[in-house]
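Reminder, nothing fancy here: chain letters follow the sequence lines and each chain counts from 1.
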2 protein chains.
Amino acid sequence: MVDHLDPTPLPRQLASILRAAIEEGEYQRGDPLPSESTLVQEHGVSRGVVRQAMEILRYEGLVVTIQGRRSYVARTR
Amino acid sequence: MVDHLDPTPLPRQLASILRAAIEEGEYQRGDPLPSESTLVQEHGVSRGVVRQAMEILRYEGLVVTIQGRRSYVARTR
DNA sequence: GAGAATTTGTACGTATGTATG
DNA sequence: ACATACATACGTACAAATTCT
């Protein structure tokens, strides 16, 4: 869970959480991640934070995002 | 000037404008760029747009930003 | 050194547009 | 057509770092 008292910016915290979930196989290659609004509710952060977290994971090549659909775990890497 | 009718996202438009100004020598290596609030006023965009434009230029290695100071034209590249 | 002003950093909320289901 | 989901842009508030008085 993200920690508002931890000085680490929330997007980085959330990215770490999702990265760990991917690496532990909770989301497999090609699987969709939860939607932005779902992540907002589940983690108690704003949509902006969720989007920045996704941006981090996209930059790392871990996920790809498709407008109108979802963010998916990248197949290649 | 940024163009709200141009479908190109405003941060990319502004980044292009600043990149051109740097390449044309308007801002030299080590020079500070205008502050965020100045760019907001001069270009008629929100602060978020200015910050995203700077993020693009940082990613390109063209500028470096220091909290409480300014963004500066990178010396190295 | 203290305090105010300036500047960048983080986070939130809202509105509207675009693409997909 | 409607609902869902991501994209862009605005505004606000406060924190943190720096600079100026």
CZ (B:Arg12) with more than 12 external heavy atoms under 6.0 Å: no

Footprint string (nucleotides 9-21 of chain C, 5' to 3'): B base within contact, S backbone only, - free, heavy atoms under 4.0 Å: BBSS--B-BBBSS

B:Thr65/B:Arg58 under side-chain contact (heavy atoms from CB on, under 4.5 Å): CA gap, chis, key distance, verdict: CA-CA 8 Å; B:Thr65 305; B:Arg58 279 195 297 273; 2.9 Å; yes

Any donor-acceptor N or O pair under 3.5 Å, side chains B:Arg70, B:Ser35: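 B:Ser35 and B:Arg70 do not have a side-chain donor-acceptor pair below 3.5 Å.
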
Nucleotide range of DNA chain D lying under 4.0 Å from chain B heavy atoms: D:dT8 to D:dT19

For D:dA1, the Watson-Crick or wobble partner whose two distances fall under 3.5 Å: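 Per the H-bond distance test, none.
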
ILVMFWY network linking B:Ile17 to B:Val73, side-chain heavy atoms under 4.5 angstrom: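 Yes; B:Val73 is reachable from B:Ile17 via cluster members.
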
hydrophobic_cluster_shared for A:Met54 and A:Tyr72, side chain cutoff 4.5 Å: no

Positive for salt bridge (charged side-chain N to carboxylate O under 4.0 Å, His left out) with B:Arg19, one of B:Glu24, B:Glu26, B:Glu60: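 Going through B:Glu24, B:Glu26, B:Glu60 one by one, the salt bridge (charged side-chain N to carboxylate O under 4.0 Å, His left out) with B:Arg19 is satisfied by B:Glu60 alone.
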
Heavy-atom side-chain proximity of A:Val45 to A:Gln13 below 4.5 angstrom: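 Not touching, per the 4.5 Å side-chain cut-off.
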
Any donor-acceptor pair under 3.5 Å from A:Glu36 side chain to A:Val50 backbone: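 Flag not set: sc A:Glu36 to bb A:Val50 has no pair under 3.5 Å.
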
